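Remember, predicted model here, so these are calculated numbers, not experimental data. To find a chain, count down the sequence lines: A is the first, B the second, and so on, and within it residues start at 1.
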Amino acid sequence: MLDNIQKQLLKEVVDLYKMPKGAYNIRANGEKAARNTTENIDIVTKEDKPGIDIIIKDGTKNESVHIPVVLSESGLKETVYNDFYIGEDCDVVIVAGCGISNCGTHDSEHDGVHRFFVGKNSKIRYVEKHYGEGDGSGKRILNPVTEVYQKENSYVDMEMVQIKGVDSTHRITKAELGEGATMIVHERLMTHGEQKATSVYEVELNGEGSSTDVISRSVAKDSSEQIFEAAIIGNTVCNGHAECDAIIMDNAHVVAVPKLDARNVDAALIHEAAIGKIAGEQLIKLMSLGLTEKEAEEQIIGGFLR
Amino acid sequence: MLELKDLTYQVEENNETLTIIDHLDLTIDDGKFIVITGPNGGGKSTLAKLIMGVKELTSGQMIFDGEDITECSITDRARKGISFAFQQPVHFKGIKVLDLLRLATGENISVAAACEYLSKVGLCAKEYIDREVNSSLSGGELKRIEIATVLARGTKFSIFDEPEAGIDIWSFQNLIQVFENIRKTVKGTVLIISHQERILNIADEIIVIEDGKVKKHGPKDEILPELLGTADAVNRACSKMS
Ligand SMILES: Nc1ncnc2c1ncn2[C@@H]1O[C@H](COP(=O)(O)OP(=O)(O)OP(=O)(O)O)[C@@H](O)[C@H]1O
Ligand SMILES: [Mg+2]
């Protein structure tokens with residue numbers, strides 16, 4: 001059912017060699033390639049537009065859902081809507097990701113719109129990896145939109161990774177947090193060549209005692225361009241922290257745009273941004289251990305993006 | 001053997017040429033345990049950086065084991081067997097202590113082997129092995145890890161720039177033992193930059209660098225009394241004044 005290129009893409013985006021355990025839905029070249037549901041996790045194809053609903057029952061613990069997408073046909077463009085309805089008191093891991101292999105001359109594009117409705121006291125770990133390959137002149141484009149709605153005391157930990165091969169990304173992540181809810185975001189990004197990546201976060205802290213921590217680590221090489229925008233809106237007693245830490249190399253261009261919007265005296269919001277080249281002393285130290293400059297650079301970047 | 005011939009290092013500052021190392025000649029024999037001392041700003045760290053290739057000579061020549069290394073890069077010198085523990089250790093985001101020790105040995109050494117090196121510098125290995133070499137470590141901890149990376153390399157020529165700086169007095173005794181052990185077990189040459197009498201005391205030879213020149217160079221038994229003598233003289237002069 002899946003060809004070798006598609007299997008390789010799957011391995012890159014969700015570390016899968018074979019079919020995962022638990023619930024999954026694999027989409028390949030715009031069509032459902034495989035699906036599995038469990039007693040607690042149902043997956044239903046949307047009737048009105050492309051995409052799926054993932055419904056997770058109250059109290060579902062230690063289960064996972066994998067929903068990878070692979071594109072290996074040049075010129076394929078799709079927008080897919082996936083909605084996650086997560087009940088109360090759940091503890092689940094959701095792994096998404098998109099791999100594009102474009103060896104042709106036409107642009108391939110996948111725009112995933114993911115909405116998460118997280119119930120009270122539920123804990124979610126969400127991992128999303130982007131990966132592109134193929135030597136065709138057609139571009140590999142990914143524009144993910146993520147919306148998160150968190151009920152009381154829910155906890156969402158998101159890991160967004162894009163290290164290789166995606167020509168253009170415009171990521172928008174929006175979240176609204178209720179009382180005592182927490183959202184943690186770890187973004188890791190590397191761009192090279194002429195790639196462009198924009199990442200926009202907008203987190204609204206609406207419930208008392210809600211908190212967020214948005215952390216981005218990125219490396220921009222060659223003539224690539226990165227824009228990081230983080231807006232945190234504090235409407236009540238809350239804690240918000242955003243951090244952008246970027247290594248800039250060659251002729252790259254990196255922009256960090258902080259926006260803190262406090263509408264309550266007890267909203268504690270912090271933004272930190274640092275953009276700079278690899279520190280000379282770091283290279284010198286590793287070279288004094290016998291590494292070449294290039295090897296030293298790789299180690300420093302590898303650690304930084306870990 | 002390391003031969004430094006007529007080394008000069010100058011920097012330009014506000015259109016003025018500052019001479020930091022001034023026509024310095026020095027020969028360091030193999031297998032010696034040598035301590036370099038001298039007043040602050042005398043040029044000790046600069047000399048160490050010139051040997052490692054971190055700074056580029058203005059003029060002069062360096063011969064290491066008969067080979068001219070004047071034009072060699074840091075990497076080449078490191079591979080030829082020179083190591084350097086910096087006065088101010090560098091930190092890295094995301095690189096763990098274990099990673100750094102593995103890079104230092106150039107091998108994928110086991111956790112147990114890496115822990116050995118940490119124990120040698122008085123760190124409780126299992127608490128540190130998985131930590132990132134970042135600013136969350138204290139100055140003294142970073143300093144010990146820095147020393148451990150040089151021990152892990154085990155090269156024939158090792159330079160330590162003020163290894164005792166930032167190390168608490170309880171651990172200082174321990175550190176002296178570390179260096180006594182190095183002295184006994186390491187066949188190569190050890191060059192320590194230090195202001196500490198107890199480190200000077202375990203040297204074979206002492207070199208005093210002042211104003212970018214070798215002021216004194218000789219066996220410990222000869223140089224140390226002279227140094228302590230001058231310190232005593234200063235103390236006496238001060239006590240007279242009060
Ligand atoms: N790039 C530079 N520009 C200006 N001055 C410099 C530069 N590099 C070194 N110096 C000066 O050279 C002198 C020697 O510095 P160095 O760090 O080698 O001294 P040191 O003997 O190691 O001192 P300490 O005992 O305080 O560590 C100092 O006066 C320092 O300010
Ligand atoms: Mg110094």
Side-chain angles (χ1 to χ4, degrees), chain A residues 159-163 184-190 213-221 226 228 241-249 254 256 270 272-306, chain B residues 48-56 72-107 109 117 130-135 142 145-155 157-161:
Chain A
E159 192 182 326
M160 321 280 219
V161 186
Q162 181 175 312
I163 301 295
I184 312 281
V185 178
H186 282 275
E187 183 185 68
R188 280 174 290 148
L189 176 66
M190 184 157 87
D213 198 358
V214 179
I215 299 170
S216 164
R217 288 251 179 114
S218 69
V219 176
K221 290 186 176 179
Q226 297 182 359
F228 177 77
H241 177 246
E243 187 182 320
C244 161
D245 205 342
I247 292 180
I248 181 167
M249 300 170 75
V254 180
I270 299 172
E272 295 173 271
I275 303 171
K277 62 179 178 187
I278 293 179
E281 310 101 67
Q282 293 184 336
L283 289 171
I284 287 170
K285 174 63 198 173
L286 296 187
M287 283 157 73
S288 80
L289 299 179
L291 279 71
T292 62
E293 187 168 348
K294 193 153 188 302
E295 289 165 345
E297 203 174 275
E298 280 164 11
Q299 287 293 332
I300 293 164
I301 290 174
F304 185 74
L305 290 177
R306 175 138 70 193
Chain B
K49 286 176 186 165
L50 289 172
I51 296 172
M52 190 71 240
V54 173
K55 290 190 174 185
E56 227 173 286
C72 285
S73 66
I74 302 174
T75 309
D76 289 342
R77 292 173 200 227
R79 290 180 179 176
K80 287 183 199 300
I82 303 177
S83 305
F84 181 30
F86 290 72
Q87 185 168 1
Q88 266 120 17
V90 186
H91 43 244
F92 298 89
K93 280 181 184 155
I95 295 185
K96 291 181 179 175
V97 174
L98 178 62
D99 302 328
L100 203 58
L101 290 169
R102 282 182 174 161
L103 291 173
T105 54
E107 286 170 46
I109 53 165
Y117 295 115
D130 255 341
R131 278 185 68 178
E132 286 183 23
V133 190
N134 62 20
S135 50
L142 275 168
I145 292 162
E146 180 73 8
I147 296 167
T149 61
V150 170
L151 297 182
R153 292 201 75 220
T155 52
F157 196 100
S158 306
I159 311 168
F160 298 88
D161 195 351

B:T105 side chain reached by A:L289 side chain, heavy atoms, under 4.5 Å: no
Side-chain heavy-atom pair A:R306, B:D99 within 4.5 angstrom cut-off: yes
Atom of B:R153, atom of A:S288 and distance for their closest heavy-atom approach: NH1-O, 3.3 Å
Value rounded to 0.5 Å, distance of CD in A:Q299 from CZ in B:R102: 11.5 Å
Over 12 foreign heavy atoms within 6.0 Å of CD, A:E293: no
Chain A contact via B:K96 - side chain, backbone, both or neither, heavy atoms under 4.5 Å: both
Side-chain heavy atoms of B:Q88 within contact of A:E281, under 4.5 Å: no
Chain A contact via B:F86 - which portion, at a heavy-atom distance below 4.5 Å: side chain
Top contributor to chain A contacts, counting heavy-atom pairs under 4.5 Å, from B:K93, B:E132, B:K80: B:K93
Winner by heavy-atom pair count (cut-off under 4.5 Å) against chain A, out of B:V90, B:D76, B:I82, B:V54: B:V90
Residue B:L100 versus chain A: region with a heavy atom under 4.5 Å: both
Straight-line distance of B:I95 CD1 to A:I301 CD1, nearest 0.5 Å: 10.5 Å
B:L103 CG to A:L286 CG distance, which is reported to the nearest 0.5 Å: 6.0 Å
Validation row: B:T149, A:K285 side chains within 4.5 angstrom (heavy atoms): yes
Under 4.5 Å from any heavy atom of chain B - which part of A:E295: side chain
Chi angles and distances behind the side chain to side chain contact (heavy atoms under 4.5 Å, CB included) call for B:R79, A:T292: CA-CA 10 Å; B:R79 290 180 179 176; A:T292 62; 3.6 Å; yes
